[in-house]
Enquirer: 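This is the structure I want to talk about, given as structure tokens.
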Amino acid sequence: MKQKQTVREILKQDREILDLEVCGWVRTRRDSKGFSFVEINDGSCLQNLQLVIDHTRLDKNQLKKITLGSSIKAVGDLVLSIGSKQKWELQCKKVYLLGEADPEKYPLQKKRHSDEFLRKIAHLRVRTNKYSAINRIRSKAAFFIHKFFQERDFHYIHTPIITSSDCEGAGELFQLIKRGEKETKFFSKNAYLTVSGQLAAEALCMGLGRVYTFGPTFRAEDSNTPRHAAEFWMVEPEMAFFDLNDNIDLAEEFIKFVTKNVLETCREDIELFRRFVDKELIGRLEKVVKDPFVRIEYSEAIEILKSAHKKENFEFEPIWGDDIHTEHEKYLCEKQFKGPVVVYNYPRTLKPFYMRVNDDNNTVAAMDILLPKVGEVVGGSQREERLNVLIENMQKKNMDIEEYEWYIDLRRYGSVVHSGFGLGFDRFVMFLCAVSNIRDAIPFPRTPGTLSY
RNA sequence: UCCCCGGUAGCUCAAGCGGCAGAGCGGGUGACUGUUAAUCACCAUGUUGGCGGUUCAAGUCCGCCCCGGGGAGCCA
């Protein structure tokens, strides 16, 4: 009886098997007199399966059409390969051409392409080693994110994609309007795509205890950088009874857990990036897993940056009360500490209304986690649980308190200390793969001026 | 949104001072008894991103626009 298996399953066999059936896309073909070597890939793993096709097994016309990019089904015996580059190969008894790919028009070649070119054919680029590897790692990372939280009594919640408020003033909003209408009448008020599920997550954690969201978020910022997309995925845990320290502990453990498991389960794919993209990738990931994250207060960070200012000649002078700029983040992460850095207790004026005011009345219990190469991947805080302080904050920021009555209710009824953070999933994938542009970490990226597919 | 760099064959790139638009790879055809970035021989590749201008002559100089990349701001 024939068994249909993926290439990954086939390659991990420890014995020869008769009559296997396998399907895939042709990656390369080499001809000899009387037979051909054809390597196929089915996306199950990085490696290809070498097929040996005797020319008498297939009519000439079909044989001709087995070209790079075409899809085929093969039936044959799995045998140990004589060649040294692979353990197994399939001696084909039957080969069926499923879909041809005109070699004069098929845009992918066997050779390496530039990322810029591949972005223009995003619908085909998953057929390359690099992009299939990124997407496999993306998938595993998402899986381990769920595993991490599920194993710790977190509940996976779904917060709304359509929202009525801008949450935290975290950037420009996409407004939602019914086609044919000039303004939002559907909801009888303005509607937007969410920039964060946090406020809803806070409500749900006040009953479910520990929750997390993992879904798309949207920012209409006209920012064209390799680290920004208009649509991106965020992981947002929110925990009742967690203070800032518990929050940082969880975030660190979380990043370590996912990184460690991706390293272990995607070794081959990670190895590809180490070889062709960044020689230091694996060392960097292992360091993240092993070493404790450096934790410094914002004020300390400013002091460190101030004393480095002369030597480094920063474009922006580090001043208490100002944001930590990109060049500063890079300095802290890549020069000073050479690893992940957690910066906490930021000036109150820099942060949104919901962050808990510290006893000094000057700072809030906020924290950011900076990773080497990608910068900020986590932003979080302990939330303000005191009713009067929260309202005071909102008044200071001139917010429409009526709109947030439901959120304020959480402080009226059984309010507790609670915390949470957001992790930019796509940036995290960039970190795991040493990919330098977010457009390559997302299968079909949305950025200002570009909406293909 | 601001600053810088770029756009030439399917891909990656080359073409002093403005003077016949080229190479490698890929593709096609053929050869080769086990290849693996296969090898060897031969063949074809073009609105030089678009529009306008200067000039006897523009890939090259000028203006505007479009697209891509890098950096900054904002952030995740």
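Within every chain, numbering begins at 1; the chains are lettered A, B, ... in the order of the sequence lines, protein sequences first and strands thereafter.
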Enquirer: What about the rings of A:F214 and A:F149, do their centers lie closer together than 6.0 Å?
Expert: no

Enquirer: Which pairs, with at least one residue in residues 433-453 of chain A and sequence neighbours excluded, count as a ring pair (Phe, Tyr, Trp, His ring centres under 6.0 Å)?
Expert: A:H123-A:Y453, A:F444-A:Y453

Enquirer: Taking protein heavy atoms under 4.0 Å as touching, what does nucleotides 31-38 of chain B look like 5' to 3' if B marks base contact, S marks sugar-phosphate-only contact and - marks none?
Expert: -BSBBBBB

Enquirer: Near RNA chain B, counting only heavy atoms under 4.0 Å, which residues of residues 121-149 of chain A show up?
Expert: none

Enquirer: Can you sort out which residues in residues 425-441 of chain A have a heavy atom within less than 4.0 Å of RNA chain B? Ascending by number, please.
Expert: A:R427, A:N437, A:I438, A:R439

Enquirer: Determine which nucleotide pairs with B:rC2, using a 3.5 Å limit on both distances of a Watson-Crick or G-U wobble pair.
Expert: B:rG71

Enquirer: Would you tabulate the nitrogen or oxygen pairs shorter than 3.5 Å linking the protein to nucleotides 64-66 of chain B?
Expert:
none

Enquirer: Assign a letter to each nucleotide of nucleotides 1-14 of chain B from its 5' end: B, base within under 4.0 Å of a protein heavy atom; S, sugar-phosphate only; -, no contact.
Expert: B--------BSS--

Enquirer: Under the rule syn = chi within 90° of 0, otherwise anti, which is B:rG16?
Expert: syn

Enquirer: Could you tell me which nucleotide pairs with B:rU8 by Watson-Crick or G-U wobble geometry, both distances under 3.5 Å, or answer none if nothing does?
Expert: none

Enquirer: Any strand is fair game: report the nucleotide pairing with B:rG27 by Watson-Crick or G-U wobble, both distances under 3.5 Å, or none.
Expert: B:rC43

Enquirer: Within 45° of the ring axis of A:F353 and under 6.0 Å from its six-membered ring centre, is that where the NZ or CZ of A:K397 lies?
Expert: no

Enquirer: Which is true for A:T67 with a 4.0 Å heavy-atom rule: it touches a base, it touches only sugar-phosphate, or it touches nothing?
Expert: nothing

